[in-house]
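Step one of this worksheet: look at the structure below.
To find a chain, count down the sequence lines: A is the first, B the second, and so on, and within it residues start at 1.
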Amino acid sequence: MSRYFYYHIVLVSLLNLMLFVPHILIRYRYQGAVTSMALAVVIGTAMTFMYTYIMGKFPGLGMPEILDKFLPKMVVKPIMVFMAAMWIIGPSIALVSYAVLINRFINPDTSPVMVLILLSGVCIYAATRSTLTLAFLVEMGMLINFPIILFILLKAVRSDAINWDAIRTVANYWTQMPNLQSVGAASYIFTGYVSFAIYNRLMPPNIRIRHRWIIPISGSAILLLTFFVPIGFHGTEAVENYLYVWSVTADSLMMNYGFIERVIFMFLIMYLNLTLIYTASGWHQAIEFLKALSNSYKPSVDDVPMKRNGFIYSTVIALLTVIYLYYVNEKTTFAISGYWLSFRMFIEIGTVVTMFIFARKGTNSS
Amino acid sequence: MLNRIETIMAQAKDLNTHRIQNNTITIEVAYISSLCDESKVSDFILVPFLKDELEFQKNISLNPNFIVLTDTAKWSETLLRGFVLVQLEGTVYTLDAARVIRNENPQTQVETAIMGSQVSLSEDLIDSINIIRSRYPSPELAIEERTVGNCSRTRVSIIFDSRRVDPSVLTEVRDKIMNLEVDFLQAPGQLERLISSRKRSLFPTMMITERPDRVTSSLQAGKVILLVQGSGFALILPATFYDFMHAVDDEYDSFWMTRFLITLRYIGVILTILLPSLYIAVVSYNPELFRVQLAFSIAGSRSAVPYPSFIEVMIMLFMIESLIEASVRLPKYIGSTATTVGGLILGQAAQQAGLVSSIMIIVTSVVAISNFVVPVNNMSTAIRFLKYPLIIPAIFFGLAGVAVGIFIYIVYLADLRSFGKPYFRFIGPTKRHSGDIGQVDQA
């Protein structure tokens with residue numbers, strides 16, 4: 001069942017647009033974004049490979065159960081809360097920036113707060129389903145949306161409007177030293193594996209993730225597209241002016257045949273679906289981490305244990321998200337996103353290395 | 001012989017076995033009562049044997065209808081074809097007493113197929129089992145009978161292939177039927193609502209069909225069939241969303257055309273669910289979605305309409321739904337009049353009077369027609385409802401609202417289970433050794 005692993009990888013790597021990854025990279029385009037990307041490919045691939053090894057060692061166990069095996073309860077509980085917080089921030093930033101995006105590009109008359117209330121209500125519903133349901137949801141979402149997104153990306157690459165000179169100019173800055181924010185942002189593309197902190201519960205005992213060589217290739221491809229296509233469309237300088245750089249890029253495309261002329265509508269609706277799926281899956285994991293705090297919690301794949309707690313947690317998360325949008329503007333969101341991306345990278349490296357040590361210890365002792 | 005047959009076909013309730021004796025000898029008789037004409041059994045075996053005018057042994061050896069069967073492995077097979085087995089002094093004879101339902105049986109009307117079986121299941125339980133058994137001659141076919149309904153005492157048959165059936169599904173079905181609390185049971189649709197885990201589900205999780213070929217192919221796929229006495233429809237479970245989109249002729253007709261038709265059905269379903277709400281979203285929120293020429297022609301056709309788009313949509317949907325409802329309820333001979341009158345009014349007058357735009361008329365007819373491409377009726381009815389909830393987010397949030405509504409439907413579908421089996425799941429080629437997700441459950 002390797003495909004369920006790849007759905008998460010691809011979902012997260014496509015979702016980078018919602019977390020301002022292209023804009024962060026483009027801001028550092030003369031200061032080492034290209035080398036940072038190369039470094040991020042190495043780091044991300046290494047992390048993913050290590051994590052698949054860990055998964056194979058603990059079939060059917062989520063991260064809370066694995067930590068419980070090796071650490072005392074007093075240490076595990078703070079870690080859970082921390083992990084849940086990490087899982088809330090990313091998806092919530094994506095959801096908030098999408099609510100603003102709807103206000104900017106689809107419904108200028110509807111207030112973003114109203115839109116966010118709708119979106120987070122939907123995410124509460126989706127996130128409180130069972131883990132198996134979420135796995136099916138991610139699968140269906142990817143199968144429906146991925147072909148169309150691929151079509152848009154191909155259309156962008158093959159467009160006549162793209163200026164290859166601008167791309168070449170930026171690519172020539174490959175001798176600059178990498179910097180932290182760009183590496184953090186670029187390595188986000190590879191971070192889909194962390195979803196298996198919870199989804200590993202679904203994996204059968206004899207799991208082997210096949211075709212792992214796809215990960216660096218697809219990751220670098222998406223990274224290159226994310227970074228270079230907007231530069232090709234808007235030029236080396238103007239590209240920095242747009243915060244939602246990919247929406248503007250999609251709006252530069254046109255479909256000559258058919259009912260819909262402007263690509264941006266397809267693009268926005270596809271990304272709306274992806275954002276909702278990502279947020280639902282992220283919040284679901286946060287909820288599961290929080291539920292695992294209780295001693296009586298028994299993880300289950302197809303039932304929802306402690307349903308009421310799940311609803312309470314997710315409602316609180318949704319409320320926090322709405323309050324956040326109410327008080328914080330886009331500029332701050334963008335800055336927070338940049339810091340969170342780099343911070344996340346260190347946390348993930350720390351987690352994966354620790355779990356890797358546990359996995360080695362687990363096999364040696366048994 | 002009798003003991004042996006009883007062990008082979010232990011689960012067949014309709015198996016009749018007799019050991020009878022007259023003055024001189026003892027014979028053993030076995031037959032499946034639902035498949036046999038019992039008057040034949042008594043005329044050829046019981047009466048001559050008991051009268052004993054001509055020595056029965058001689059009678060059997062003279063009558064060419066009795067054929068000696070030496071191969072004991074063929075017992076169950078011959079029984080299942082409607083033969084009677086008679087054992088006399090260690091020799092087994094067979095007698096053809098099959099009663100096959102012929103033309104007097106009802107024709108398929110609800111779920112028609114051009115080249116599939118034209119006979120539908122009968123309202124009589126025994127006849128239906130006859131039809132199923134004659135199409136599924138396998139000794140593994142097990143038939144259990146239950147009585148449901150405190151007042152109606154309706155007989156319900158549980159039919160399955162005991163070798164292929166999923167035991168967890170079977171246990172769940174048995175439990176649920178055992179624990180049913182209902183006074184009157186008349187139709188499989190009622191049974192479906194009673195035994196499904198969500199009482200107010202948006203989608204049917206069991207298939208209702210009248211086609212014996214669908215029943216037998218489901219049996220072969222390891223599904224459980226429920227038959228209700230007094231109704232010519234069978235309940236097939238578990239079912240997935242995709243099952244409802246397949247007509248039986250998809251297996252009989254040209255390969256490419258049927259694949260194309262399946263795609264067409266999915267497109268039809270998407271259209272019938274989405275078009276009304278998309279119309280509202282596009283007209284009231286995002287006319288820039290479409291290319292300029294199309295946006296202009298939509299706006300132009302709406303120029304005479306004095307109210308917002310959602311009222312227009314509600315009027316037209318009300319009209320079309322009442323038209324469909326009327327044509328179901330009206331007697332057959334008046335039915336065509338209603339559709340003609342309704343169609344004329346909808347098509348011409350409403351638009352000329354400036355009540356609705358001409359684009360809306362096209363939308364309405366597409367919605368109505370593409371709703372009926374779904375081959376299974378209970379799914380088609382379920383899908384008919386789905387367009388209404390989507391109108392609400394379309395009124396308040398436009399295009400984004402419609403997309404969110406669709407997302408909710410997908411979550412709901414992914415959350416549905418049909419007797420513990422996933423309902424809306426893409427099942428690709430799974431290698432046997434790789435295992436499936438969700439098998440390890442600590443709960």
**OP:** Search all heavy atoms of B:Val292 against all heavy atoms of A:Glu261 and return the closest pair with its distance.
**Re:** N-OE1, 4.0 Å
Original post:
Among B:Ala295, B:Gly401, B:Ala400, B:Ala414, which residue forms the greatest number of heavy-atom pairs with chain A at distances under 4.5 Å?
Top reply: B:Ala414
Original post:
Is it the side chain or the backbone of A:Leu119 that comes within 4.5 Å of chain B heavy atoms, both, or neither?
Top reply: side chain
**OP:** Quick one: do A:Leu137 and B:Phe407 satisfy side chain to side chain contact (heavy atoms under 4.5 Å, CB included)? Show the steps, please.
**Re:** CA-CA 9 Å; A:Leu137 173 65; B:Phe407 178 76; 4.2 Å; yes
Original post:
Counting heavy atoms not belonging to A:Tyr257, are there more than 12 under 6.0 Å from its OH?
Top reply: no
**OP:** Would you indicate whether B:Phe260, at its atom CZ, is surrounded by more than 12 heavy atoms from other residues, nucleotides or ligands within a distance under 6.0 Å?
**Re:** no
Subject >> Residue part contacting chain B, namely of A:Tyr98, when any heavy atom lies under 4.5 Å >> reply: neither
Subject >> Proximal component of A:Met266, with respect to chain B [non-hydrogen, under 4.5 Å] >> reply: neither
Subject >> Min side-chain heavy-atom separation A:Ile102-B:Leu399 under 4.5 Å >> reply: no
Subject >> Rounded distance [0.5 Å steps], CD1 in B:Ile410 versus CG in A:Asn273 >> reply: 6.5 Å
Original post:
Is the number of heavy atoms from other residues, nucleotides or ligands under 6.0 Å of B:Tyr266 OH greater than 12?
Top reply: yes
Original post:
Under a 4.5 Å heavy-atom cut-off, does chain B meet the side chain of A:Leu134, its backbone, both or neither?
Top reply: neither
**OP:** Grab the two heavy atoms, one from A:Phe136 and one from B:Phe424, that are nearest each other, plus how far apart they are.
**Re:** CB-O, 4.4 Å
**OP:** Count the heavy atoms belonging to other residues, nucleotides or ligands that lie under 6.0 Å from CZ of B:Arg193, then report whether that count exceeds 12.
**Re:** no
Original post:
Just how far is it from atom CG of B:Asp415 to atom CZ of A:Arg129, taken to the nearest 0.5 Å?
Top reply: 5.0 Å
**OP:** Below 4.5 Å from any heavy atom of chain A, which atoms of B:Glu288 appear? Answer side chain, backbone, both or neither.
**Re:** both
**OP:** Using a cut-off of 6.0 Å, state whether more than 12 heavy atoms not belonging to B:Tyr307 lie near its atom OH.
**Re:** yes
Subject >> Pairwise side-chain contact, A:Arg262 with B:Leu289, heavy-atom cut-off 4.5 Å (strictly under) >> reply: no
**OP:** I would like to know whether A:Met140 and B:Leu413 meet side chain to side chain contact (heavy atoms under 4.5 Å, CB included); could you show each step before the answer?
**Re:** CA-CA 10 Å; A:Met140 286 319 293; B:Leu413 277 169; over 6 Å; no
Original post:
Does a side-chain heavy-atom distance below 4.5 Å link A:Met114 with B:Phe396?
Top reply: no
Original post:
For B:Phe397, does its backbone N or O pair with a side-chain atom of A:Asn107 as donor and acceptor, under 3.5 Å?
Top reply: yes
**OP:** Answer yes or no: is there a donor N or O on one side and an acceptor on the other, between the side chain of B:Arg291 and the main chain of A:Asn256, under 3.5 Å?
**Re:** yes
Original post:
Side chain, backbone, both or neither: which part of B:Ile408 has an atom under 4.5 Å from a heavy atom of chain A?
Top reply: both
Subject >> Polar side-chain atom of B:Asn286 near backbone of A:Ile106 as donor-acceptor pair, under 3.5 Å >> reply: yes
Original post:
Which bit of A:Leu272 comes within less than 4.5 Å of chain B, counting heavy atoms only: side chain, backbone, both or neither?
Top reply: side chain
Subject >> Which portion of A:Ile260 sits near chain B, non-hydrogen atoms under 4.5 angstrom >> reply: both
